[in-house]
2 protein chains.
Amino acid sequence: MLQQRSKDTKETIRLNALRLFAKSGYSAVSMRDIANAVGIQPGAIYNHFPSKQDILVDLMMTHMVDLLAAANDAMEGVEGTRNRLVAFARFHISYQLDFPDHVFIAYMELRSLEETGRQDVYVKRDEYEAILREVLEQGVKEGTFKVANAAVQTRALLAMMTGITVWFREDGELNRDQVIDCYVQAVLQSVGIQE
Amino acid sequence: MLQQRSKDTKETIRLNALRLFAKSGYSAVSMRDIANAVGIQPGAIYNHFPSKQDILVDLMMTHMVDLLAAANDAMEGVEGTRNRLVAFARFHISYQLDFPDHVFIAYMELRSLEETGRQDVYVKRDEYEAILREVLEQGVKEGTFKVANAAVQTRALLAMMTGITVWFREDGELNRDQVIDCYVQAVLQSVGIQE
DNA sequence: GCTTATTACGAATGGGCGTTCATTTATTGA
DNA sequence: TCAATAAATGAACGCCCATTCGTAATAAGC
């Protein structure tokens with residue numbers, strides 16, 4: 001039997017675990033499933049991750065850190081609350097569409113995390129939510145936006161935009177940019193801005 | 001050992017399975033977990049349901065049927081697109097808050113359903129989405145609403161409103177009615193209506 | 001009160017689970 | 001070149017899984 005010997009086995013494990021977790025859910029995926037997908041024996045995974053739980057924590061934390069960095073990047077230098085809202089919306093939706101699996105497990109598998117990892121993820125998520133919330137608060141303060149409660153609206157908008165991955169298909173009736181435009185318009189109007 | 005003998009064991013199984021599935025996910029919950037919660041032996045469940053999968057199908061289909069009936073009820077006799085939109089929004093959000101576990105598993109455990117049950121649920125879900133979509137289409141036709149694409153906006157709004165259960169707590173900063181008002185305003189504004 | 005249908009128990013089935021480990025093989029650095 | 005390290009195998013561990021089944025206890029109909 002030929003042995004696959006490569007430096008990036010760890011990365012391959014990550015990729016396959018992510019895909020499988022996203023498709024079937026953390027608890028429905030076994031270490032054997034992951035090992036099969038990678039093409040190694042189950043035991044070999046433990047050379048790279050101390051446990052199944054650690055794979056999930058790794059995936060979720062990596063995602064949150066990357067997401068935050070990318071978001072801050074996208075917002076940097078954008079001036080004006082309206083522009084900042086549009087920038088955030090476009091960034092968020094694009095990110096969902098680019099990394100649907102990451103987003104899905106970060107959202108869905110919080111309950112599969114043991115306490116330690118969960119708290120870390122919560123902190124990052126709050127940090128991410130704060131970016132949008134601050135834009136909304138600023139807009140309300142200036143009178144640009146009409147929003148009853150910025151914190152509530154933040155969660156409402158994030159849920160709205162995140163939901164896109166549930167139904168969007170690249171080969172569907174509308175293409176990516178058309179759908180993004182629809183959502184951006186909905187976001188803008190929802191804060192009381194008419195085009 | 002005392003034996004619990006009651007006609008509504010089946011209903012108790014349903015209740016506990018729902019609660020456990022919502023908390024931990026279908027595949028993370030074992031028949032032993034359910035039996036423990038009910039206070040019977042695992043084997044006894046099979047007097048009421050032919051399999052674990054059938055419990056899930058039962059829960060999801062019952063929910064979808066109830067949801068549809070309640071929605072049609074709530075919309076009956078409501079005239080005018082704006083009123084109908086508000087009625088639907090209020091109904092949908094209230095229903096989420098009243099039955100968060102039902103809603104959660106109907107949304108989350110579609111992937112745990114085998115093909116047969118899944119198709120049935122999809123049909124019901126489409127039927128439900130159609131109620132909102134038709135309101136939006138009507139509003140666009142009359143010029144009451146400003147919406148780029150009614151089908152997209154339907155999914156966007158449903159995702160937004162459904163997301164409320166993720167964070168809302170009855171003992172939180174805002175009470176139920178205040179939160180509903182926030183969401184209704186966001187919904188109305190998102191279709192281009194200013195209060 | 002007795003028969004019959006329900007519903008429960010409790011033990012067993014075969015199989016899959018996460019994880020461990022002794023061992024072998026490949027790669028790396030001096 | 002050769003020891004040291006890293007990464008794989010493959011078999012095993014004990015445990016839990018969904019489900020089955022013979023048997024016992026209960027409830028319902030006559």
Side-chain angles (χ1 to χ4, degrees), chain A residues 1-60 105 109 111-118, chain B residues 1-60 105 109 111-118:
Chain A
M1 183 69 64
L2 252 167
Q3 292 184 40
Q4 293 277 12
R5 202 58 70 114
S6 89
K7 276 185 186 170
D8 45 22
T9 300
K10 184 164 186 173
E11 191 56 26
T12 312
I13 293 172
R14 254 195 281 263
L15 253 56
N16 283 283
L18 174 68
R19 186 173 50 79
L20 292 170
F21 287 165
K23 190 177 55 160
S24 314
Y26 174 74
S27 28
V29 175
S30 70
M31 292 299 259
R32 282 167 181 80
D33 292 335
I34 300 171
N36 266 343
V38 175
I40 55 175
Q41 294 299 314
I45 295 177
Y46 291 83
N47 289 320
H48 305 280
F49 295 94
S51 73
K52 185 184 171 188
Q53 174 77 199
D54 280 272
I55 302 178
L56 182 61
V57 172
D58 180 294
L59 289 174
M60 292 185 66
I105 71 150
E109 298 297 354
R111 65 176 171 195
S112 303
L113 280 184
E114 284 153 22
E115 205 46 34
T116 329
R118 183 155 54 214
Chain B
M1 184 69 64
L2 254 168
Q3 291 184 39
Q4 292 277 13
R5 203 56 71 112
S6 89
K7 276 186 186 171
D8 44 23
T9 300
K10 183 164 185 172
E11 190 56 26
T12 311
I13 294 172
R14 253 194 282 262
L15 254 56
N16 283 282
L18 174 68
R19 186 174 49 80
L20 292 170
F21 288 165
K23 190 177 56 160
S24 313
Y26 175 74
S27 23
V29 175
S30 70
M31 293 298 258
R32 280 169 183 77
D33 292 334
I34 299 170
N36 267 344
V38 174
I40 56 175
Q41 295 299 314
I45 296 177
Y46 291 83
N47 290 320
H48 305 279
F49 294 93
S51 73
K52 186 184 172 188
Q53 175 75 199
D54 280 274
I55 301 178
L56 182 61
V57 173
D58 180 293
L59 289 174
M60 291 185 67
I105 70 150
E109 298 296 354
R111 65 177 172 195
S112 303
L113 281 184
E114 286 153 21
E115 203 46 34
T116 329
R118 183 155 53 214

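Chain naming here is simple, since letters A, B, ... match the order of the sequence lines and numbering starts at 1 in each.
Between the CD1 atom of Ile45(A) and the P atom of dC17(C) there is a distance of 12 Å, given to the nearest Å. Rounded to an integer number of Å, the gap from Asn36(A) CG to dG18(C) P is 12 Å. Computed from coordinates, the Gln41(B) CD to dG10(C) P distance equals 6 Å when rounded to whole Å. Atom P of nucleotide dA18(D) and atom CD of Glu114(B) are separated by 13 Å, given to the nearest angstrom. Computed from coordinates, the Lys52(A) NZ to dT20(C) P distance equals 15 Å when rounded to whole Å. Taking atom CG of residue Asp8(A) and atom C1' of nucleotide dA8(D), one finds them 15 Å apart after rounding to whole Å. Regarding Gln53(B), its CD atom lies at a distance of 14 Å from the C1' atom of dT19(D), rounded to whole Å. Atom pair Ile40(A):CD1 and dA26(C):C1' shows a separation of 15 Å (rounding to whole Å applied).
Distance CG/Leu18(B) to CD1/Ile55(B): 11.5 Å, rounded to 0.5 Å. How far CD1 of Ile34(B) is from CD1 of Ile40(B): 9.5 Å, rounded to the nearest 0.5 Å. Leu15(B) contributes atom CG, which lies 9.0 Å from atom CG of Leu59(B) (distance to the nearest 0.5 angstrom). Rounded to the nearest 0.5 Å, atoms CD (Glu109(A)) and OG (Ser27(A)) are 6.5 Å apart. For the atom pair CD (Glu11(A)) and OG1 (Thr9(A)), the distance works out to 10.5 Å, reported to the nearest 0.5 Å.
Here the side chain of Asn16(B) pairs a donor or acceptor atom with the backbone of Thr12(B) at under 3.5 angstrom. Put simply, the side chain of Asn36(B) never gets that close to the backbone of Asp33(B): no donor and acceptor are under 3.5 Å apart.
The heavy-atom pair separating Ala28(A) from Ser24(A) by the smallest distance is CB-O, 3.2 Å. Taking both residues in full, the closest heavy atoms of Phe21(A) and Arg111(B) are given as O-NH1, 3.9 Å, listed atom of the first, atom of the second, then distance.
In this structure, the nucleotide among dC17(C), dG18(C), dA8(C) sitting nearest to the side chain of Thr9(B) is dA8(C). For His48(A), the listed nucleotide lying nearest its side chain is dA7(D); candidates were dC9(C), dA7(D), dA8(C). Among dT9(D), dT19(D), dT7(C), the nucleotide with an atom closest to any side-chain atom of Ser51(B) is dT19(D). Side-chain proximity of Asn47(B) to dC17(D), dC9(C), dT7(C): nearest is dT7(C).
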Atom pairs under 3.5 Å, N or O on each side, protein against nucleotides 14-16 of chain D: can you list them with distances?
none

Return the polar atom pairs (N/O with N/O) between nucleotides 20-22 of chain D and the protein under 3.5 Å, or none.
none

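Residues satisfying the side-chain contact (heavy atoms from CB on, under 4.5 Å) test with Gln53(B), not counting sequence neighbours, are Tyr26(B), Ser51(B), Val57(B), Leu113(B), Glu114(B). Arg19(A) meets the salt bridge (charged side-chain N to carboxylate O under 4.0 Å, His left out) test with no other residue; sequence neighbours excluded. The side-chain contact (heavy atoms from CB on, under 4.5 Å) check on Ala22(B) picks up Asp101(B), Phe104(B), Ile105(B), with sequence neighbours excluded.
Over its full length, the helix from dG1(C)-dC30(D) to dA30(C)-dT1(D) turns its helical axis through 20°, comparing axes from the five pairs at each end and rounding to 10°.
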